[in-house]
Protein chains: 4
Amino acid sequence: MCFVVDMAFSYFRTVRFADTDAAGVVYFANYLSMCHEAYEDSLAAGGIELQSFFQNAGVVVPIAKSEAEYLRPLRPGDRLRISVTPEALTENSYSVRFEIHRLNAVEKLAARVRTEHVATSPEKRQRVALPPPLAAWVNAG
Amino acid sequence: MCFVVDMAFSYFRTVRFADTDAAGVVYFANYLSMCHEAYEDSLAAGGIELQSFFQNAGVVVPIAKSEAEYLRPLRPGDRLRISVTPEALTENSYSVRFEIHRLNAVEKLAARVRTEHVATSPEKRQRVALPPPLAAWVNAG
Amino acid sequence: MCFVVDMAFSYFRTVRFADTDAAGVVYFANYLSMCHEAYEDSLAAGGIELQSFFQNAGVVVPIAKSEAEYLRPLRPGDRLRISVTPEALTENSYSVRFEIHRLNAVEKLAARVRTEHVATSPEKRQRVALPPPLAAWVNAG
Amino acid sequence: MCFVVDMAFSYFRTVRFADTDAAGVVYFANYLSMCHEAYEDSLAAGGIELQSFFQNAGVVVPIAKSEAEYLRPLRPGDRLRISVTPEALTENSYSVRFEIHRLNAVEKLAARVRTEHVATSPEKRQRVALPPPLAAWVNAG
């Protein structure tokens with residue numbers, strides 16, 4: 001007997017007027033912003049606060065790539081659940097997969113987003129290893 | 001003996017990177033967006049969903065004025081409590097007062113925001129009375 | 001004989017989908033963002049680049065207050081002219097008045113916005129005099 | 001003798017404080033917003049105004065996918081040139097490739113973005129052929 005348990009972190013969010021545009025639905029770039037909020041919350045849940053952590057560590061991990069598939073429109077008031085699944089790529093980099101689920105009467109997948117992050121030293125101007133707390137967060141994902 | 005109880009609706013919110021600008025703190029216009037989120041949540045708590053409600057009622061209540069006092073900077077990860085206090089102005093209009101409190105070690109008032117809203121019929125192109133559920137929300141504020 | 005010449009700086013801007021919300025018109029907080037763009041352009045025209053200038057001068061001039069009157073809705077594609085008029089308040093502070101004009105068949109005033117800025121030393125944690133280039137910009141307004 | 005002429009539409013834009021976040025550079029999702037501005041301007045240059053066109057045509061062309069490669073950070077005041085190159089995919093869909101160039105002392109490629117758009121009838125809830133003016137814009141790209 002065997003269980004497969006989805007360990008992904010979940011972030012809950014309501015769609016706001018500010019997220020939408022004149023087409024009546026969430027503006028495409030704001031799907032990415034909402035996923036970044038989920039990423040920030042997931043890091044904080046892992047003991048990493050983006051602001052102070054990166055200031056102290058002397059390392060930044062900017063986003064090198066993003067991809068998004070927009071499957072369903074999202075409207076003001078829609079309740080969302082966004083799952084966050086990090087994955088190690090190299091010793092310097094990781095990806096994060098996000099799924100945005102719309103929690104109306106029936107839960108439906110509304111978008112898939114993926115980002116790639118590369119740890120960089122602004123001083124050395126080169127890639128560096130992930131700081132250990134961040135590596136731990138990635139590997140727990 | 002006497003209690004004065006603050007009945008204001010409270011909305012909780014974490015500051016996100018997307019809220020900030022290159023000065024490292026929340027961009028001044030985003031204080032207003034965060035208050036509008038609190039307004040949307042307060043209306044929903046009163047049984048009014050902005051989107052469907054206004055479509056059905058044939059009435060819109062655009063913001064006619066806003067005012068803000070920025071008292072303290074807000075940084076990514078700061079926890080906020082935003083209070084929402086509506087007040088009737090005329091039979092067609094109301095104001096909403098917001099206070100943004102930063103919930104770090106000590107709670108501190110970070111901003112005061114005030115908006116004025118006027119009920120309007122897009123078809124008649126004139127001011128109209130507040131729909132009863134909205135009037136009830138204002139008067140319960 | 002006499003001329004009254006409007007010396008205000010003018011900034012031109014097209015309304016974008018990203019500026020609007022599900023009500024089909026520019027989101028109220030984005031009127032302020034558009035005025036801040038005009039402010040940035042007006043400073044640059046006066047030889048002041050916000051980013052490098054404030055880093056070098058050791059002074060920041062955060063916005064202490066804002067006020068806005070929303071007179072007309074703005075839709076995607078609308079052409080705007082935003083006038084920028086600074087005014088000295090004290091040796092530490094100034095206000096900026098903005099008027100957003102919609103340039104359709106007939107030019108119409110769509111909003112009035114006013115901000116107040118206070119020069120501050122982050123190190124000294126107190127108000128300081130405006131750096132001379134900024135004082136010159138204010139007084140030329 | 002032979003010329004290769006880049007026929008891509010170019011959109012010029014200055015980076016604003018509102019585009020950036022507390023890391024001091026443009027927030028990753030705002031690269032996509034800036035490309036959408038360029039797309040709106042390119043359509044308008046082809047005689048298509050997003051708002052009125054899609055209302056009249058009974059067709060919407062939401063974005064189904066986006067991809068971005070972030071090559072260089074962008075700071076407030078940076079001047080940008082964004083090129084817009086549409087390409088037909090099927091009779092119902094097209095892609096748009098964007099390149100964001102930073103126009104400092106030397107022009108450098110700062111990001112590549114690609115979007116996919118699918119013409120849809122909200123009434124029929126199915127894919128439909130591109131309206132002829134939009135097909136003409138795609139084919140001229």
Side-chain angles (χ1 to χ4, degrees), chain A residues 12-38 49 51-52 54-56 58 60 62-63 66-80 82 98 100-105 108 110-111 113 115 120-123 125, chain C residues 12-38 49 51-52 54-56 58 60 62-63 66-80 82 98 100-105 108 110-111 113 115 120-123 125:
Chain A
F12 292 86
R13 170 77 149 75
T14 301
V15 174
R16 304 301 180 187
F17 267 73
D19 303 318
T20 61
D21 70 14
V25 297
V26 172
Y27 184 68
F28 83 116
N30 291 341
Y31 284 73
L32 279 72
S33 305
M34 297 191 304
C35 289
H36 202 273
E37 293 179 14
E49 283 177 69
Q51 186 188 26
S52 52
F54 293 110
Q55 279 177 355
N56 298 333
V60 295
I63 295 175
S66 69
E67 292 173 3
E69 273 181 279
Y70 308 92
L71 305 173
R72 290 174 196 283
L74 300 172
R75 297 193 165 76
D78 280 351
R79 287 288 301 161
L80 308 179
I82 304 179
F98 302 92
I100 303 179
H101 297 267
R102 197 180 62 193
L103 307 178
N104 293 2
K108 295 200 174 169
V113 172
T115 52
T120 306
S121 162
E123 279 183 22
R125 293 179 159 237
Chain C
F12 292 86
R13 170 77 149 74
T14 301
V15 174
R16 304 301 179 186
F17 267 73
D19 302 319
T20 61
D21 70 15
V25 296
V26 172
Y27 184 68
F28 81 117
N30 290 342
Y31 284 73
L32 279 73
S33 306
M34 297 191 305
C35 289
H36 201 274
E37 293 179 14
E49 282 176 69
Q51 187 188 27
S52 53
F54 293 111
Q55 280 177 355
N56 297 334
V60 294
I63 295 175
S66 69
E67 292 173 3
E69 274 181 278
Y70 308 92
L71 305 174
R72 290 174 197 282
L74 299 172
R75 297 193 165 76
D78 281 351
R79 286 290 301 163
L80 308 180
I82 304 179
F98 302 92
I100 303 179
H101 297 267
R102 196 180 62 194
L103 307 178
N104 293 2
K108 295 200 173 169
V113 172
T115 52
T120 306
S121 162
E123 279 183 22
R125 293 178 160 238

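Within residues 28-38 of chain C, no residue approaches chain A closer than 4.5 Å by heavy atoms.
Of all heavy-atom pairs spanning C/A23 and A/F17, the tightest one is N-CE2, 4.2 Å.
Residue pairs that meet the side-chain hydrogen bond (donor to acceptor under 3.5 Å, both in side chains) test with at least one member in residues 18-28 of chain A, sequence neighbours left out, are A/R13-A/D19.
Counting heavy-atom neighbours within 6.0 Å of A/E67 CD, excluding the residue itself, gives a total above 12.
By the side-chain contact (heavy atoms from CB on, under 4.5 Å) test, A/P122 pairs with A/V60, sequence neighbours left out. C/E69 pairs by the side-chain contact (heavy atoms from CB on, under 4.5 Å) definition with B/K65, C/L71, C/R112, not counting sequence neighbours.
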